[in-house]
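Values below: all heavy atoms of this structure, side chains included; hydrogens, waters and symmetry mates excluded. For the single chain, residues carry numbers from 1 onward in sequence order. Worth saying up front: this structure is predicted, and the values here are computed from it rather than measured.
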Amino acid sequence: MISDVAKRDKLGDGGEFIGKGIQPDIIVSPTVADFRKGKDTVLEAAIAQLTAE
């Protein structure tokens, strides 16, 4: 049995994200120092964004 699926997902502006992915709204760059301290900078940035007024 052979199955062929044709599905085309697009971004809100009509452009395709196949091979591009979806870009984040906020870019967070963890540092080596943060990693060594056990600090989760990505999680902290997400919590700050969610709790901001």
Side-chain angles (χ1 to χ4, degrees):
M1 180 168 157
I2 298 174
S3 177
D4 185 21
V5 177
K7 181 179 177 192
R8 197 162 226 128
D9 294 318
K10 297 193 179 230
L11 296 170
D13 65 1
E16 292 189 17
F17 65 81
I18 304 291
K20 298 178 188 174
I22 298 174
Q23 298 301 313
D25 293 328
I26 299 169
I27 298 173
V28 180
S29 300
T31 64
V32 173
D34 291 337
F35 179 78
R36 287 182 179 158
K37 292 178 195 172
K39 184 177 178 182
D40 190 339
T41 51
V42 175
L43 177 60
E44 289 178 9
I47 292 170
Q49 182 68 24
L50 291 170
T51 57
E53 292 185 44

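Residues that satisfy the side-chain contact (heavy atoms from CB on, under 4.5 Å) test with Leu50, not counting sequence neighbours, are absent from this structure.
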Donor-acceptor contacts under 3.5 Å from residues 31-47 side chains, at least two apart:
| residue | atom | partner | partner atom | Å |
| --- | --- | --- | --- | --- |
| Thr31 | OG1 | Asp34 | N | 3.1 |
| Thr31 | OG1 | Asp34 | OD2 | 3.1 |
| Asp40 | OD1 | Val42 | N | 3.4 |
| Asp40 | OD1 | Leu43 | N | 3.0 |

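Heavy atoms of other residues, nucleotides or ligands lying less than 6.0 angstrom from CG of Asp13 number more than 12.
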